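One structure is given below, encoded as structure tokens.
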Amino acid sequence: MQSMLTSLNAHSCPSLVRVGGPDDRIGIQQALDLGAYGVMIPTVRTPGDAQKAVLATFFPPLGSRSIAFPISPQLGRPVAEFLESANDETLLILQIETKESMDHLEEIVNMEGVDAVFIGPFDLSYALGLFDKYGYPGGLASHELRDASQRVAKECKKANVAAGSFAAGVDGAAVLVKEGFTLLAAGTDVGLLGTAAKVEAERLRGLRTNG
């Protein structure tokens, strides 16, 4: 992780690290100290979980993050100058992926320090019993999941917090953008590599056929 973050920072490319969860204080501290632009916290179920994430992510007075001579100040700024602006420059994203998190959605998105919430559609649809009701991938296309998604977008807009979600490609992202989502993941590393490999394989087969 250190090598990747250092390389990204050297090219002025913001980086996010998904840590173990709201109780992973060490993981949050390590990612930020190594120069991550922000952290994504999975399995945030309650306002208490959200508060743990805020405390671990930010320096006082907003949080209780330890000052451990992070890498970021070494990228051209004195430590004192870094600390003065660090909280404003750190992004905190909380993942909404359980029924409990939906029950506490308004409290979570209005927690001071939360910049964005990100839906985990697979986990959320499973937690809501939609895989049992509709099977897979039917649960992902259910009206219940879409209703939950739209509710997240609505609450985020009211709280001035970015709404995020995983989208099934560009077409799926286009739908979510219309619903108010601004933080989107439109693929996975494995999926993107697989798609690129398939395209190249088809091109190579075409050469053989044409020959």
Side-chain angles (χ1 to χ4, degrees), residues 13-22 24 28 31-32 36-58 62-63 87-131 134 137-189 191-192:
C13 181
S15 54
L16 297 173
V17 174
R18 186 177 185 268
V19 298
D24 186 16
I28 295 171
L32 296 174
Y37 180 78
V39 287
M40 178 179 281
I41 317 291
T43 60
V44 174
R45 296 181 172 88
T46 67
D49 286 342
Q51 184 63 49
K52 288 179 183 178
V54 169
L55 289 173
T57 300
F58 298 104
L62 180 56
N87 283 353
D88 292 334
E89 297 174 355
T90 300
L91 184 68
L92 175 60
I93 305 170
L94 306 182
Q95 288 192 248
I96 300 296
E97 46 195 354
T98 68
K99 183 181 182 303
E100 196 172 5
S101 63
M102 290 299 298
D103 291 340
H104 295 285
L105 179 63
E106 186 174 353
E107 297 166 274
I108 291 172
V109 300
N110 282 284
M111 180 78 60
E112 184 180 4
V114 175
D115 297 297
V117 298
F118 193 93
I119 296 174
F122 288 85
D123 286 324
L124 183 57
S125 59
Y126 187 80
L128 296 177
L130 303 179
F131 280 9
Y134 299 107
L140 295 171
S142 66
H143 69 87
E144 291 96 333
L145 183 61
R146 183 163 188 181
D147 288 345
S149 174
Q150 291 176 340
R151 182 185 162 213
V152 170
K154 180 180 178 181
E155 291 297 334
C156 285
K157 184 176 181 179
K158 287 165 55 178
N160 196 29
V161 166
S165 183
F166 183 84
V170 176
D171 291 338
V175 173
L176 290 171
V177 167
K178 290 180 181 179
E179 293 179 355
F181 287 84
T182 57
L183 177 63
L184 299 173
T188 65
D189 48 2
L192 293 171

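No hydrogens, no waters, no symmetry mates; every other heavy atom, side chains included, goes into these values. Keep in mind that this is a model prediction, so the values were computed, not measured.
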Are any of the side-chain heavy atoms of [X] and [Y] separated by less than 4.5 Å?
X    : Y    : answer
I93  : R18  : no
T188 : F166 : yes
I96  : M102 : yes
L62  : V54  : yes

Return the [atom1] to [atom2] distance between [X] and [Y], rounded to the nearest 0.5 Å.
X    : Y    : atom1 : atom2 : answer
Q95  : D49  : CD    : CG    : 12.5 Å
H104 : R45  : NE2   : CZ    : 11.5 Å
E100 : T43  : CD    : OG1   : 11.0 Å
L16  : F118 : CG    : CZ    : 10.0 Å
I108 : T46  : CD1   : OG1   : 6.5 Å
K154 : L105 : NZ    : CG    : 11.5 Å

For [X] versus [Y], what's the shortest heavy-atom pair and its separation?
X    : Y    : answer
V44  : S101 : O-CB, 3.1 Å
A153 : A163 : CA-CB, 4.1 Å
S125 : F131 : OG-CE1, 3.1 Å
P22  : P42  : CD-O, 3.3 Å
V161 : V114 : CG2-O, 3.6 Å
F122 : L140 : CE2-CD1, 3.5 Å

**OP:** Applying side chain to side chain contact (heavy atoms under 4.5 Å, CB included), run through L32 and T57 and close with a yes or a no.
**Re:** CA-CA 8 Å; L32 296 174; T57 300; 3.9 Å; yes
**OP:** Carefully, step by step, assess T182 and V177 under the rule side chain to side chain contact (heavy atoms under 4.5 Å, CB included).
**Re:** CA-CA 6 Å; T182 57; V177 167; over 6 Å; no
Subject >> side-chain hydrogen bond (donor to acceptor under 3.5 Å, both in side chains) partners for E106, two or more places apart >> reply: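 Result, side-chain hydrogen bond (donor to acceptor under 3.5 Å, both in side chains) vs E106: none returned.
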**OP:** With salt bridge (Lys or Arg N to Asp or Glu O under 4.0 Å) as the test, would you mind laying out the steps for D103 and K99 before giving the verdict?
**Re:** CA-CA 6 Å; D103 291 340; K99 183 181 182 303; 3.3 Å; yes
Original post:
Going by atom types only, do Y134 and E144 share a side-chain donor-acceptor pair under 3.5 Å?
Top reply: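 The answer is yes; a qualifying pair exists.
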**OP:** Measure from the side-chain N and O atoms of D115 to the backbone N and O of L92, and report whether any donor-acceptor pair falls under 3.5 Å.
**Re:**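 Judged by distance alone, yes, a pair lies under 3.5 Å.
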Original post:
Heavy-atom count around N160 CG within 6.0 Å, excluding the residue itself: above 12?
Top reply: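 12 or below, so no.
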Original post:
Considering residues at least two apart in sequence or located in another chain, which fulfil the side-chain contact (heavy atoms from CB on, under 4.5 Å) criterion with E179?
Top reply: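 Testing E179 for side-chain contact (heavy atoms from CB on, under 4.5 Å), a comparison that skips the adjacent residues, returns R146, S149, Q150, V175, L176, F181.
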Original post:
Which is it for Y37 and T90 under the side chain to side chain contact (heavy atoms under 4.5 Å, CB included) test, yes or no, and what are the steps along the way?
Top reply: CA-CA 6 Å; Y37 180 78; T90 300; over 6 Å; no
